[in-house]
Amino acid sequence: MDTVLSGIRSTGHLHLGNYFGALRNFVRIQDEYKCFFFIADLHSLTTHPHPDDFHASVKTILAEYLAAGLDPEKSAIYIQSDVPEISELYVLLNMIAYVGELERTVTFKEKVRQNPNNVNAGLLTYPVLMASDILAHRAQRVPVGKDQEQHLELARVFARRFNNMYGEEIFPEPRNLVFQGGAVKVPGLDGSGKMGKSNGNGVYLYDDEKTITKKVMKAVTDSGPTEPNSPMPEVIQNLFTLMKLVSDQSTVDYFTEKWNDCSIRYGDLKKQLAADICKVTLPIKEKIDAIYNDDAYLSKVVASGRERARESAGATLSLVRKAVGFKSF
Ligand code: ADP
Ligand code: TRP
């Protein structure tokens with residue numbers, strides 16, 4: 001059985017893009033693969049969150065993971081910083097990662113452009129830490145979106161380089177895992193591009209009904225079709241893409257027909273879309289609240305995840321240390 005691994009940084013709440021693009025699929029594959037899902041709290045330090053918010057952010061993502069259906073009985077669910085073997089592997093992989101290849105990473109160049117006053121070494125070696133997350137469990141499959149593909153490629157480069165350098169096939173080369181039906185790109189409500197935390201165009205699993213309705217009612221539209229069966233502009237397509245994710249086929253068909261005969265009323269469409277989003281997210285929100293406040297449960301989940309992750313990463317690190325030449329006196 002192949003091992004699947006994925007992580008998410010502990011910044012902010014999870015939005016519909018995270019849910020439909022990633023989390024919902026993770027929930028579905030838990031019986032098919034040996035799964036590791038973790039919260040990348042060390043990665044989040046590259047942007048220096050305040051210590052007062054640090055723990056709550058981790059707890060938030062953890063509660064949202066669990067509420068959405070990740071099952072700690074099936075999968076190892078853990079906090080990155082709870083597994084020191086990952087940090088140890090990070091040190092060792094830093095010795096074989098070249099500064100030049102890290103500087104050429106698109107995400108790094110973007111961060112430098114956005115934030116020229118905070119170009120810390122952690123940002124440069126972000127892909128090395130991510131490779132350590134993956135290689136620590138010798139995971140074969142890592143479901144990532146387009147923006148993370150270059151990082152995954154670097155993980156393969158480091159795996160290959162390490163194996164060659166030490167003459168041992170310790171690390172398999174991790175490959176992307178594309179889910180059934182292909183990758184979905186969840187659009188934002190502002191009519192431009194994908195839903196994302198930093199784009200301010202998202203609906204969050206944690207939003208309440210009023211917030212969701214308000215956001216959807218404000219979604220960007222156009223002035224409406226003027227000719228029957230005209231092609232849809234992107235802003236309208238985006239609303240239909242969201243609708244296909246949350247609504248019944250009959251609802252999608254109904255509004256498609258209304259578009260085609262030019263009788264569509266965007267207010268009606270949005271009201272329906274908001275209601276259907278709520279049907280998906282409000283039950284999850286209720287669970288988030290319950291789980292977030294259940295410290296005893298969370299601490300059990302984290303302890304069991306830590307144990308499983310440390311056992312797996314520990315086994316890898318003994319091979320790695322031996323290959324590198326560490327020996328006990
Ligand atoms: P953000 O873009 O809000 O910073 P992240 O990069 O933390 O989100 O995303 C974490 C995971 O969620 C990734 O695997 C990514 O592929 C998925 N994801 C994020 N936004 C979307 C989206 N709009 N559509 C599909 N998947 C998404
Ligand atoms: N860099 C990933 C992101 O921003 C999060 C992440 C950290 C990750 N380590 C990982 C994803 C290992 C997959 C595997 O989305």
Side-chain angles (χ1 to χ4, degrees), residues 3-27 29 35-47 57-58 60-61 64-65 68 70 76 78-81 83 86-87 89-90 93 105-108 110-111 114 122-123 125-156 158-159 174-179 181-206 238 241-242 244-245 309 313:
T3 294
V4 168
L5 170 138
S6 187
I8 189 157
R9 274 163 303 145
S10 43
T11 44
H13 289 278
L14 298 176
H15 50 69
L16 290 182
N18 301 135
Y19 181 68
F20 287 109
L23 199 45
R24 186 180 61 162
N25 296 313
F26 299 169
V27 171
I29 58 164
C35 291
F36 290 89
F37 298 115
F38 69 97
I39 296 157
D41 58 343
L42 295 175
H43 274 112
S44 77
L45 286 172
T46 53
T47 52
S57 306
V58 172
T60 296
I61 300 285
E64 294 184 356
Y65 257 18
L70 290 190
Y78 61 96
I79 318 296
Q80 186 184 34
S81 63
V83 183
I86 295 168
S87 297
L89 185 56
Y90 169 63
L93 290 181
T105 313
V106 174
T107 43
F108 176 68
E110 228 167 65
K111 292 277 179 199
Q114 288 164 354
L123 274 181
T125 56
Y126 185 110
V128 185
L129 182 54
M130 180 158 159
S132 308
D133 291 326
I134 299 166
L135 301 182
H137 300 294
R138 286 169 280 168
Q140 289 94 347
R141 307 304 290 265
V142 182
V144 291
K146 250 203 149 21
D147 57 329
Q148 297 294 317
E149 270 172 7
Q150 198 180 13
H151 290 163
L152 188 56
E153 175 58 30
L154 278 172
R156 282 193 287 272
F158 301 149
R175 289 184 298 135
N176 200 349
L177 176 65
V178 179
F179 295 105
V184 275
K185 185 181 115 186
V186 181
L189 291 174
D190 54 357
S192 66
K194 69 171 211 172
M195 189 176 287
K197 286 191 264 303
S198 38
N199 311 341
N201 62 2
V203 173
Y204 292 85
L205 294 180
Y206 197 66
N238 285 351
T241 302
L242 285 169
K244 282 177 196 154
L245 290 169

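Nothing here was measured: the structure is a model prediction, and the numbers come from that model. Atoms within a ligand are numbered from 1 in the order they appear, just like the ligands themselves.
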Q: Measure the distance from atom 7 (O) of ligand 1 to every protein heavy atom, then report the residue, atom name and distance (to 0.1 Å) of the closest one.
A: K197 NZ, 3.1 Å
Q) Can a protein heavy atom be found under 4.0 Å away from atom 27 (C) of ligand 1? A) yes
Q: Check each atom of ligand 1 against the heavy atoms of G21 and keep those under 4.0 Å away; list them by number with element.
A: 25 (C), 26 (N)
Q. Nearest to atom 2 (O) of ligand 1, what protein heavy atom do you find, and at what distance?
A. G196 CA, 3.9 Å
Q: Have a look at ligand 1 and work out which part of H15, if any, has a heavy atom under 4.0 Å from it: side chain, backbone, both or neither.
A: side chain
Q | Those residues that, when tested against F26, pass ring-ring contact (aromatic ring centres under 6.0 Å, His included) (two or more places apart) | A | F37
Q. Stepwise, does the side-chain contact (heavy atoms from CB on, under 4.5 Å) test hold for I29 with L177?
A. CA-CA 11 Å; I29 58 164; L177 176 65; 4.0 Å; yes
Q) Quick one: does ligand 1 sit under 4.0 Å from the side chain of V184, the backbone, both or neither, non-hydrogen atoms only? A) backbone
**Q.** Listed partners of F36 passing ring-ring contact (aromatic ring centres under 6.0 Å, His included), at least two apart
**A.** H137
Q. Okay, side chain of D41, backbone of I79: is any donor-acceptor separation there less than 3.5 Å?
A. no
Q) For atom 23 (N) of ligand 1, which candidate among V186, T11, L245 provides the closest heavy atom? A) V186
**Q.** Identity and distance of the protein heavy atom lying nearest atom 18 (N) of ligand 1
**A.** G17 O, 3.7 Å
Q) Once the angle between the rings of Y126 and H43 is folded into 0 to 90°, is it parallel (under 30°), tilted (30 to 60°) or perpendicular (over 60°)? A) tilted
Q: Determine whether L23 and L70 make a side-chain contact, defined as any pair of heavy atoms from C-beta on separated by less than 4.5 Å.
A: yes
**Q.** ligand 1 contact on R9 by region, counting heavy-atom pairs under 4.0 Å
**A.** side chain
Q) Tell me, do Y90 and I86 make a side-chain contact under 4.5 Å, heavy atoms counted? A) no
Could you tell me, for ligand 2, which of its N or O atoms are under 3.5 Å from any protein N or O, listing the pairs and their distances rounded to 0.1 Å?
| from | atom 1 | to | atom 2 | distance (Å) |
| --- | --- | --- | --- | --- |
| ligand 2 | 1 (N) | Y126 | OH | 2.7 |
| ligand 2 | 1 (N) | Q148 | OE1 | 2.9 |
| ligand 2 | 4 (O) | R9 | NE | 3.1 |
| ligand 2 | 4 (O) | R9 | NH2 | 3.1 |
| ligand 2 | 4 (O) | Y126 | OH | 3.2 |
| ligand 2 | 4 (O) | Q148 | NE2 | 3.2 |
| ligand 2 | 9 (N) | D133 | OD2 | 2.7 |

Q) Does some side-chain heavy atom of L129 sit less than 4.5 Å from a side-chain heavy atom of T46? A) no
Q. Which ligand 1 atoms, with their elements, are less than 4.0 angstrom from a heavy-atom of I8?
A. 10 (C)
Q: Measure the shortest side-chain to side-chain distance between T11 and K197 over non-hydrogen atoms and say whether it is less than 4.5 angstrom.
A: yes
Q. Counting from 1, what ligand 1 atoms have a heavy atom of M195 closer than 4.0 Å?
A. 20 (N), 21 (C), 22 (C), 23 (N)
Q | Considering all heavy atoms, the nearest P143-V4 contact | A | CD-CG1, 3.7 Å
Q: Give a yes or no on whether the backbone of V106 and the side-chain of Q150 come within a donor-acceptor separation of less than 3.5 Å.
A: yes
Q) Taking only heavy atoms of G145, which atoms of ligand 1 are found under 4.0 Å from at least one of them? A) 16 (O)
**Q.** Residues that E149 engages under salt bridge (Lys or Arg N to Asp or Glu O under 4.0 Å), provided they are two or more places apart
**A.** K146
Q: For atom 19 (C) of ligand 1, grab the closest protein heavy atom and report residue, atom and distance to one decimal in Å.
A: N18 ND2, 3.4 Å
